[in-house]
Enquirer: 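This structure is in structure tokens; I'll ask about it shortly.
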Amino acid sequence: MANANIKRVRSSDIELKDKLVAVNRVTKVTKGGRTFSFSAIVVVGNEKGIVGHGLGKAKEVTDAISKGIDDAKKTLIKVPVINGTVPHEQYGKFGGALVFLKPASHGTGVIAGGAMRAVLESVGVTDVLAKSKGSSNPHNVVKATIDALSQMRDPATVAQQRGITMEKVFNG
């Protein structure tokens, strides 16, 4: 059901800002010695409701980051951001990571750590309470946060899906 709500976006007409979440050095041991390479997790967004994540691998850090940015531009999704916060509480899960997002009043700030903070700031959320449970692996936390954001629905979408007016959404 969550996949039905995902709105894919093209990156060609959007001004995107990138944030580096983590860089990992990987070692391959061969007969001739050790060979080092790097993997980088990158989050891109326009801070107006569009976000994507990507992974890049290369022999140099800068090449890995640029590959990660290119990969992130292929996974962009549209997220409803209402008055600088998320529209409702939502859980997201990926692998061993479980994240919880809760709307917050204006002036609260982004109460989230590490990988979650990068995703939430890239999407344009300024006030949110967030909790990460389980795995703290940046890959899984980023993907779990994107999962939670992709399940978000604004009131107009809820009204349209239920076939009722906006007033009935709020008044029950």
Side-chain angles (χ1 to χ4, degrees), residues 1-19 21 41-55 68-172:
M1 171 140 177
N3 294 338
N5 298 330
I6 296 176
K7 297 177 189 97
R8 295 272 178 216
V9 181
R10 288 210 175 107
S11 64
S12 57
D13 53 345
I14 305 165
E15 179 81 22
L16 296 171
K17 296 177 184 172
D18 55 270
K19 290 193 182 199
V21 177
I41 310 164
V42 182
V43 175
V44 298
N46 69 345
E47 297 178 353
K48 293 177 187 160
I50 293 174
V51 69
H53 70 285
L55 174 67
I69 293 168
D70 293 341
D71 188 39
K73 288 179 182 177
K74 297 174 187 173
T75 64
L76 294 176
I77 60 167
K78 179 93 173 99
V79 178
V81 178
I82 300 169
N83 297 328
T85 189
V86 293
H88 55 84
E89 293 182 1
Q90 186 65 56
Y91 281 95
K93 186 169 181 4
F94 187 89
L98 179 71
V99 299
F100 176 64
L101 302 176
K102 184 177 179 181
S105 59
H106 183 69
T108 304
V110 179
I111 310 298
M116 284 182 76
R117 177 178 289 272
V119 175
L120 293 168
E121 287 176 349
S122 292
V123 81
V125 174
T126 55
D127 303 298
V128 68
L129 300 170
K131 181 69 180 167
S132 175
K133 303 173 186 176
S135 172
S136 60
N137 179 347
H139 291 271
N140 291 345
V141 173
V142 166
K143 290 175 184 174
T145 308
I146 297 278
D147 176 52
L149 291 172
S150 69
Q151 295 176 47
M152 294 283 176
R153 301 184 300 170
D154 61 334
T157 306
V158 172
Q160 181 184 10
Q161 288 175 342
R162 294 181 186 174
I164 57 176
T165 63
M166 285 282 284
E167 292 173 6
K168 276 194 164 183
V169 170
F170 291 106
N171 298 333

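In what follows, every heavy atom counts, from backbone to side chain, and hydrogens, waters and symmetry copies are set aside. These numbers come from a predicted model, not from an experiment.
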Enquirer: Using side-chain heavy atoms (C-beta onward) and a distance below 4.5 Å, is Thr75 in contact with Ile146?
Expert: no
Enquirer: Check salt bridge (charged side-chain N to carboxylate O under 4.0 Å, His left out) between Glu89 and all other residues, then give those that pass, not counting sequence neighbours.
Expert: none
Enquirer: Testing the basics here: between Leu129 and Pro103, what is the closest heavy-atom pair and its distance to 0.1 Å?
Expert: CD1-O, 4.4 Å
Enquirer: Check side-chain hydrogen bond (donor to acceptor under 3.5 Å, both in side chains) between Lys143 and all other residues, then give those that pass, not counting sequence neighbours.
Expert: none
Enquirer: Could I get the full list of side-chain contact (heavy atoms from CB on, under 4.5 Å) partners for Val81, not counting sequence neighbours?
Expert: Val125
Enquirer: Begin from the C-alpha positions of Val79 and Val86 and carry the test side chain to side chain contact (heavy atoms under 4.5 Å, CB included) through to its verdict.
Expert: CA-CA 9 Å; Val79 178; Val86 293; 5.9 Å; no
Enquirer: Suppose the criterion is salt bridge (charged side-chain N to carboxylate O under 4.0 Å, His left out): which pairs have a residue in residues 112-139, not counting sequence neighbours?
Expert: Lys19-Glu121, Arg117-Glu121
Enquirer: Taking all non-hydrogen atoms of both residues, which atom of Val119 and which atom of Val51 are closest, and how far apart?
Expert: O-CG2, 4.0 Å
Enquirer: Could you check Val43 against Val123 for side chain to side chain contact (heavy atoms under 4.5 Å, CB included), going step by step and ending with a plain yes or no?
Expert: CA-CA 9 Å; Val43 175; Val123 81; over 6 Å; no
Enquirer: Which residues pass the side-chain contact (heavy atoms from CB on, under 4.5 Å) test with Ser132, sequence neighbours left out?
Expert: Val99, Met116, Val141
Enquirer: Are Thr145 and His53 packed together at the side-chain level, in the sense that at least one heavy-atom pair is separated by less than 4.5 angstrom?
Expert: no
Enquirer: Kindly write out the residues that satisfy side-chain contact (heavy atoms from CB on, under 4.5 Å) with Asn137, not counting sequence neighbours, or none if the list is empty.
Expert: Ser135, His139, Asn140
Enquirer: According to salt bridge (charged side-chain N to carboxylate O under 4.0 Å, His left out), does anything in residues 93-107 pair up with another residue at least two apart or in another chain? List the pairs.
Expert: none
Enquirer: In the structure I gave you, are the side-chain heavy atoms of Thr108 and Val128 within less than 4.5 Å of one another anywhere?
Expert: no
Enquirer: Applying side-chain contact (heavy atoms from CB on, under 4.5 Å), can you list everything that pairs with Asp18, at least two apart in sequence or on another chain?
Expert: Val42, Val44, Ile69
Enquirer: Mind listing the closest non-hydrogen atom pair of Gly54 and Asp71 along with its distance?
Expert: CA-OD2, 3.4 Å
Enquirer: What are the two closest non-hydrogen atoms of Pro155 and Ile82, and how far apart are they?
Expert: CD-CD1, 3.7 Å
Enquirer: For residues 75-123, which residue pairs pass the ring pair (Phe, Tyr, Trp, His ring centres under 6.0 Å) check, not counting sequence neighbours?
Expert: Tyr91-Phe100
Enquirer: Any salt bridge (charged side-chain N to carboxylate O under 4.0 Å, His left out) involving residues 157-166? Give me the pairs, sequence neighbours left out, ordered by first then second residue.
Expert: none
Enquirer: So, using side-chain hydrogen bond (donor to acceptor under 3.5 Å, both in side chains) as the criterion, who are the partners of Gln90 when residues are at least two apart?
Expert: Gln151
Enquirer: Does Pro87 reach the side chain of Val158, with side-chain heavy atoms less than 4.5 Å apart?
Expert: no
Enquirer: Enter the distance from Lys48:NZ to Lys78:NZ here, rounded to the nearest 0.5 Å.
Expert: 10.5 Å
Enquirer: Quick one: pull up CD in Glu47 and OG1 in Thr126 and give me the separation to the nearest 0.5 Å.
Expert: 10.5 Å
